[in-house]
Amino acid sequence: MKTIIEPFRIKVVEPIRMTTAPQRERLLREAGFNVFLLKAEDVLIDLLTDSGTGAMSSEQWAGIMRGDESYAGAKSFYRFQDRIRELTGFEHVLPTHQGRASERILFELVGGPGKVVPNNAHFDTTRANVEHSGAEAVDLPIPEARDPRNRHPFKGNMNVAELERLIQRVGPERLPLVMVTITNNSGGGQPVSLENLRAVRAVCDRHGLPLFLDACRFAENAFFIKRREPGCDHKPVADIVHEMFDLADGATISAKKDGLVNIGGLLLLRDESLFQRASSLLILTEGFVTYGGLAGRDLEAMAQGFEEVIHEDYLTYRIRSVEYLGERLLSAGVPILEPPGGHAVYLDAAAFCPHIPPAQFPGQAVVCALYRHAGIRAVEIGSVMFGASAKASAPHPTQTPPDAAPSRLELVRLAMPRRVYTQSHVDYVIEAVTEVHQRRQALRGLRFTYEPPVLRHFTARFEEA
Ligand SMILES: *Cc1c(COP(=O)(O)O)cnc(C)c1O
């Protein structure tokens, strides 16, 4: 059989409500043409982010009832710890409330003024936590990542030669660690190969540096390795996951992605003394080491989520549904960042509406058109988010565009929540984007009526130019 189906049936449904075109016109104007200011109930298909928006399984909900809410030493913690040790091989496992809490603890311990932290591409909260510590965050993507049409199979790879040059230039003593983000979220959800991880590890070993993973989408990355890396197609995903983590000295993880939960995070460490110091910081601001700012039931849901996410029929469906969206848009002539990523498809808004200059926010125009036309919520990742006065140096739920792009990319991200939408929802999105693309000449740019000084995409208001 060639048809790839959703590998689940639906036990609980959450109604979504279609609005009329005149209603959406009014709601969009009331929201100042900023979809962050819409109420979620007025959105039909919400592709704002894949973070914490997934559906839990019946076993995860059963875990919610089993949750042991003891302050210290809860059964749920040990179940969680066992699962993570088995999955990653890491001895030291700290739960946190989400990824950025792990980052804050890590960089408070290893960051600081004068330090330099390289990454294939920092996610924005990671960059913000590195910079908050006083250190400098440096992105080292491969050159292929700068070209939206380049279909490199591992476009998320780190530029190993540039890493070596950076170490020569600043000196290894200024680097507390090297970080690799899998998949490379800021670079379009693109995977990193095992070969690249091994090459980065070799550089780290030569200079005595620890390697850390930002492993939010480790399972999607492992599945891409299985599909694309020579000699890996016969390996179970669980083995590839182990191979990736075996190369690392530590990892920060947001469980809101491949943990298949709505809240949660992890900090994984090998070094005993770093683990002791991280535990103290965790207790200071998050909670005791056996709950880390979460409820016992959250730990149960995570333990189960980290089991389900490496099931290969799940990953086949997951990666295929994003790829299906991307490939169908391409064949309808819609320009996207290629190849489609693991968790999202990025529309190339500059190519989509070349008649709108960057100063009038082509990405925002496409976002507004998708909501107007079909009730779909996407997110602009372009000049609104990263324009002149948007010093995007504090946490927000989306992400930076490929940093080293020759000119800033004007992107619109369609992020797919996990196990939430069916193929007919995806077909609806394809039809909507295609129709908006056919009428792209009618799209109008926008200008600010209210421009906040920082993180302006959240609360900005616009009018049509
Ligand atoms: C989401 C994300 C984070 C931060 O995690 P939160 O749970 O949102 O705090 C860090 N790195 C990457 C690559 C992410 O996608």
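The basis for the numbers below is simple: all heavy atoms, side chains too, and nothing from hydrogens, waters or symmetry mates. Order of listing sets the numbers, starting from 1, for every ligand and every atom in it. Heads up: numbering here begins at 1 and tracks the sequence.
- In this view, F288 and Y71, A72, I283, T290, Y291 satisfy the side-chain contact (heavy atoms from CB on, under 4.5 Å) rule, not counting sequence neighbours.
- Figure legend: R318 and F223 shown without cation-pi pairing, the cationic atom not lying both under 6.0 angstrom from the six-membered ring centre and within 45 degrees of its axis.
- Remark: ligand 1 atoms within the under-4.0 Å shell around heavy atoms of T181 are 13 (C).
- Annotation for ligand 1: atoms under 4.0 Å from non-hydrogen atoms of K256 are 7 (O).
- When all heavy atoms of A301 and I64 are compared, the closest pair comes out as CB-CD1, 4.2 Å.
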Any chance you could lay out the side chain to side chain contact (heavy atoms under 4.5 Å, CB included) test for E91 and L268, step after step, and finish with the verdict? CA-CA 8 Å; E91 169 75 10; L268 306 179; over 6 Å; no
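- Atoms CZ and CZ, from F107 and F212 in turn, are 8.0 Å apart once rounded to the nearest 0.5 Å.
- In this structure, G265 does not count as a contact residue of ligand 1, since none of its heavy atoms falls inside 4.0 Å of the ligand.
- For ligand 1, the atoms closer than 4.0 angstrom to any heavy atom of T125 are 3 (C), 4 (C), 10 (C).
- Interface atoms of ligand 1 facing N185, defined by a heavy-atom separation under 4.0 Å, are 13 (C), 14 (C), 15 (O).
- Of the N or O atoms in K257, one or more lie within a sub-3.5 Å distance of an N or O in ligand 1.
- For the pairing with V261, the side chain to side chain contact (heavy atoms under 4.5 Å, CB included) check across Q60, Q98, Q304 returns one residue only, Q60.
- Considering backbone and side-chain atoms alike, Q98 places an N or O below 3.5 Å from some N or O of ligand 1.
- Atoms of ligand 1 found under 4.0 Å from any heavy atom of R100, numbered from 1 in the order shown, are 5 (O), 6 (P), 8 (O), 9 (O).
- Atoms of ligand 1 found under 4.0 Å from any heavy atom of S254, numbered from 1 in the order shown, are 5 (O), 6 (P), 7 (O).
- Remark: ligand 1 and R217 share an N or O pair separated by less than 3.5 Å (distance only, no angle test).
- On a distance-only criterion, G264 and ligand 1 share no N/O pair closer than 3.5 Å.
- Every side-chain contact (heavy atoms from CB on, under 4.5 Å) that E323 has, sequence neighbours left out, goes to R320, E327.
- Short contacts between ligand 1 and E103, defined as distances under 4.0 Å to a heavy atom of the residue, involve ligand atoms 10 (C), 11 (N).
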